[in-house]
Amino acid sequence: MRPSTSNRTSGRLFDNPSIRGLSLGALDPYVRRQVRGTRPTILFFSPAGRTVPDFLARWVNGKGLTIVPVPDAADVEQRVLRSLPQLVVIDADGGPQGLGLCTRLKADSYSAIVPLAVLTSRHTTDRVQEWFTAGADEVISPLFEPTEQASRLDGLMTRTARDVAVNPSTRLPGTTEIEREIRRRMENGELFAVCYADLDHFKEYNDRYSYNDGDRVIYILSRILHDVVKGLLGHRGFIGHIGGDDFIFIIPFDAIPDVCGEVLEVFDTLIPYQYNEQDRRAGYYFGKDRRGQLHRVPLMTLSIGIVTNQHRRFAHPAQVSELATEMKSYAKTQPGSVFVVDRRHDPELDDDGVR
């Protein structure tokens, strides 16, 4: 069936001195068996060669993690850059090497995303401030009871997971959270729609204006999606940012016309003002194609491809993603700002979506 198209329409920390492969399902490519291998790793660096403190060992075991003592600062850096561990813990009492390691790890944008906690056996304001200035994400001292020490590590891991799960430019959830939200709605048996929004003629806009102007357009689109979806649906709507000018929003099935129609209307009202007056009045400008030939480029429009589970049964979020990408590509073949809904259904399901 042809997809439908629509235009608008307490104590010291160091008291204890002792202390294969990926298999794919043969029948269903979306069913993946759990990867078996080493558990997520925490690196522990102590320049003085101290062993892992009791509270930290208990916390690690309770989380199902693996902690690896690494006595050499350079080795810690290499491991971080090679495998991005879950956490780096530094013993602050072993001399200046730890502080230098912290500074270097946090100065690199790649390794800076790895959370870093510091353990110190004495608490002074100057000492704590020194570590935070170097970039440490948490400083744990005997000022805190063991239970609170563990809670602070929990909080650090939670903040890190939240921060790396969002797109840095729009602060919207990224692909991991998008997949989690699709899976949640599938498991809850909800009737939902996954909407893939993509800008048309965005590359030409960047070429004519600037990447800074392009970033502003992406931010404007993120605000339109957020304000419309949340304004109309509240907690029933979800907005995610795949990257670049690609966005996903997930809404109840019956909200498609209202939400998508409002998104397109607001978009077409605001976006012309991102062009200079001459281009805005003309409704187009001349740009060069890949062969260097001049051609008429219209103002940006928005295409939204929509997949629902009204007549389909999905086994994995990847199925939804593939179909949403297909529908987005189809929407981009239509003129103007449009949303298109996939009306095809699984042959084993009847018109009511019941097997």
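Residues: numbered from 1 along the sequence shown.
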Legend entry - Main-chain N/O of R312 paired to N309 side chain as donor or acceptor, under 3.5 Å: no
Legend entry - Pairwise side-chain contact, D91 with F45, heavy-atom cut-off 4.5 Å (strictly under): no
Inset, instruction - Indicate yes or no: at least one non-hydrogen side-chain atom of I251 is less than 4.5 angstrom from one of R236. - result: no
Inset, instruction - State whether the side chain of S141 and the backbone N or O of H123 hold a donor-acceptor pair below 3.5 Å, judged by distance alone. - result: no
Inset, instruction - Determine whether the aromatic ring centres of Y209 and Y211 lie less than 6.0 Å apart. - result: no
Inset, instruction - Verify side chain to side chain contact (heavy atoms under 4.5 Å, CB included) between R216 and I220, making sure each step is shown before the conclusion. - result: CA-CA 6 Å; R216 186 177 65 251; I220 291 172; 4.1 Å; yes
Legend entry - Approximate separation, where rounding is to 0.5 Å, of L199 CG and F247 CZ: 7.5 Å
Legend entry - Any residue meeting side-chain contact (heavy atoms from CB on, under 4.5 Å) with S210, in chain and number order, not counting sequence neighbours: N212, D213
Legend entry - Any donor-acceptor N/O pair, H241 side chain to G244 backbone, under 3.5 Å: yes
Legend entry - Distance in Å, W131 CH2 paired with C102 SG, rounded so as to fall on 0.5 Å steps: 5.5 Å
Legend entry - Single-linkage hydrophobic cluster L116~Y110, side-chain heavy atoms < 4.5 angstrom: yes
Legend entry - N/O donor-acceptor pair under 3.5 Å between S111 side chain and L105 backbone: yes
Legend entry - Chi angles and distances behind the side chain to side chain contact (heavy atoms under 4.5 Å, CB included) call for I250, I248: CA-CA 7 Å; I250 307 171; I248 291 285; 4.0 Å; yes
Legend entry - Q149 vs L56 side-chain heavy atoms within contact, under 4.5 Å: no
Inset, instruction - State, yes or no, whether a side-chain contact exists between D279 and R208 at a heavy-atom distance under 4.5 Å. - result: yes
Legend entry - Parallel, tilted or perpendicular: ring planes of Y275 versus Y285, cut at 30 and 60 degrees: tilted
Legend entry - Sub-4.5 Å side-chain heavy-atom contact between K63 and Q86: no
Legend entry - Worked check of salt bridge (charged side-chain N to carboxylate O under 4.0 Å, His left out) between K203 and D245: CA-CA 10 Å; K203 180 184 183 302; D245 60 326; over 6 Å; no
Legend entry - Side chain to side chain, P173 and F238, heavy atoms closer than 4.5 Å: yes
Inset, instruction - Verify, without hydrogens or angle tests, whether S83 (side chain) and V80 (backbone) share a donor-acceptor contact under 3.5 angstrom. - result: no
Inset, instruction - Verify, without hydrogens or angle tests, whether Q319 (side chain) and A315 (backbone) share a donor-acceptor contact under 3.5 angstrom. - result: yes
Inset, instruction - Ignoring hydrogens and angles, state whether a donor on the side chain of T125 or Q129 is under 3.5 Å from an acceptor on the partner side chain. - result: no
Inset, instruction - Kindly say whether R344 contributes a backbone atom to a donor-acceptor pair with the side chain of D342 at under 3.5 angstrom? - result: yes
Legend entry - K106 side chain to A136 backbone, donor-acceptor under 3.5 Å: no
Legend entry - Residue pair S303 / D198, side-chain donor-acceptor N/O under 3.5 Å: no
Legend entry - Hphob cluster co-occupancy, F249 + F253, side-chain heavy atoms under 4.5 angstrom: yes
Legend entry - Distance, nearest 0.5 Å, that separates CD of E265 from SG of C260: 13.0 Å
Legend entry - Steps toward salt bridge (charged side-chain N to carboxylate O under 4.0 Å, His left out) verdict (D93, R122): CA-CA 9 Å; D93 298 335; R122 57 189 179 90; 5.2 Å; no
Inset, instruction - Please test R159 against D137 for salt bridge (charged side-chain N to carboxylate O under 4.0 Å, His left out), starting from the C-alpha separation and ending with a verdict. - result: CA-CA 10 Å; R159 293 193 303 272; D137 300 295; over 6 Å; no
Inset, instruction - Could you tell me the separation between the CG atom of D268 and the CE atom of M300, rounded to the nearest 0.5 Å? - result: 11.0 Å
Inset, instruction - Determine whether Y205 and F286 fall in the same hydrophobic cluster, where Ile, Leu, Val, Met, Phe, Trp and Tyr are linked whenever their side-chain heavy atoms lie under 4.5 Å apart. - result: no
Inset, instruction - Would you indicate whether F132, at its atom CZ, is surrounded by more than 12 heavy atoms from other residues, nucleotides or ligands within a distance under 6.0 Å? - result: yes
Legend entry - Side chain to side chain, H316 and E179, heavy atoms closer than 4.5 Å: yes
Legend entry - Nearest-0.5 Å distance that lies between atom CG in L119 and atom CZ in R50: 10.5 Å
Legend entry - Trace of the side chain to side chain contact (heavy atoms under 4.5 Å, CB included) decision for Q310 with L191: CA-CA 6 Å; Q310 182 186 29; L191 192 58; 4.1 Å; yes
Legend entry - Hydrophobic cluster identity match, I224 and Y219, side-chain contacts under 4.5 Å: no
Legend entry - Carboxylate-amine/guanidinium contact R184 E181, below 4.0 Å: yes
Inset, instruction - Report the C-alpha separation of Y196 and T325 in whole Å, then their side-chain angles, then the decisive distance to 0.1 Å, and conclude whether the side chain to side chain contact (heavy atoms under 4.5 Å, CB included) test is met. - result: CA-CA 7 Å; Y196 191 154; T325 301; 3.6 Å; yes
Legend entry - V89 and L43, any side-chain heavy atoms less than 4.5 Å apart: no
Inset, instruction - Before giving the answer on salt bridge (charged side-chain N to carboxylate O under 4.0 Å, His left out), spell out for E277 and R281 the whole-Å C-alpha distance, their side-chain angles and the decisive distance to 0.1 Å. - result: CA-CA 6 Å; E277 185 176 357; R281 286 183 178 274; 2.9 Å; yes
Inset, instruction - Please report the shortest heavy-atom distance between V341 and M327, naming the atom on each side. - result: C-CE, 3.9 Å
Inset, instruction - Nearest 0.5 Å please: distance from the CD1 atom of I304 over to the CD1 atom of I306. - result: 6.0 Å
Inset, instruction - Check the hydrophobic clustering (I, L, V, M, F, W, Y; side-chain heavy atoms under 4.5 Å; chains of links allowed) and say if Y284 and L299 are grouped together. - result: no
